[in-house]
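To keep things clear, I will list the structure first and then write my remarks on it.
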Amino acid sequence: MGIGKKTKHVGEIAEGKTKETTGQAVGNESLRLKGKAEKIKGKVKHAAEKARDTLKHG
C-alpha cells in the first residue's frame, strides 16, 4: 500500500470520526450520520488497499 493512499484513508477515517463526534455533541443527527458514513468509507477503502497489497506481495 502506498503511503499516500494509506495516509488519505486514515485521514478520511479521522475526519469522519471528528464529524461524528461533533454531530453527537451538538445534537446534529445529520452531521453525525455523515461523519459515520465517511468513517466507514475510509475503513472500507483502507481494508481494500490492504487486501490488494497482500495479494500483490503474497
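Numbering starts at 1 and runs along the sequence shown. Just so it is clear, the structure is predicted and the values come from calculations on it, not from any experiment.
For the side chain to side chain contact (heavy atoms under 4.5 Å, CB included) test, residues two or more places apart in sequence or in another chain that qualify with K41 are E12, K45. The side chain to side chain contact (heavy atoms under 4.5 Å, CB included) search around E38 returns E15, K19, not counting sequence neighbours. Considering only residues two or more places apart in sequence or on other chains, T22 meets the side chain to side chain contact (heavy atoms under 4.5 Å, CB included) condition with T18, L31. Under the side chain to side chain contact (heavy atoms under 4.5 Å, CB included) criterion, Q24 pairs with R32, not counting sequence neighbours.
Put simply, NZ on K8 and CD on E49 are 10.0 Å apart, with the number rounded to the nearest 0.5 Å. A distance of 9.5 Å separates CD1 in I13 from NZ in K39, rounded to the nearest 0.5 Å.
Other members of the hydrophobic cluster containing V44, listed by chain and number, are I40; membership follows side-chain contacts under 4.5 Å among ILVMFWY residues, whether direct or relayed.
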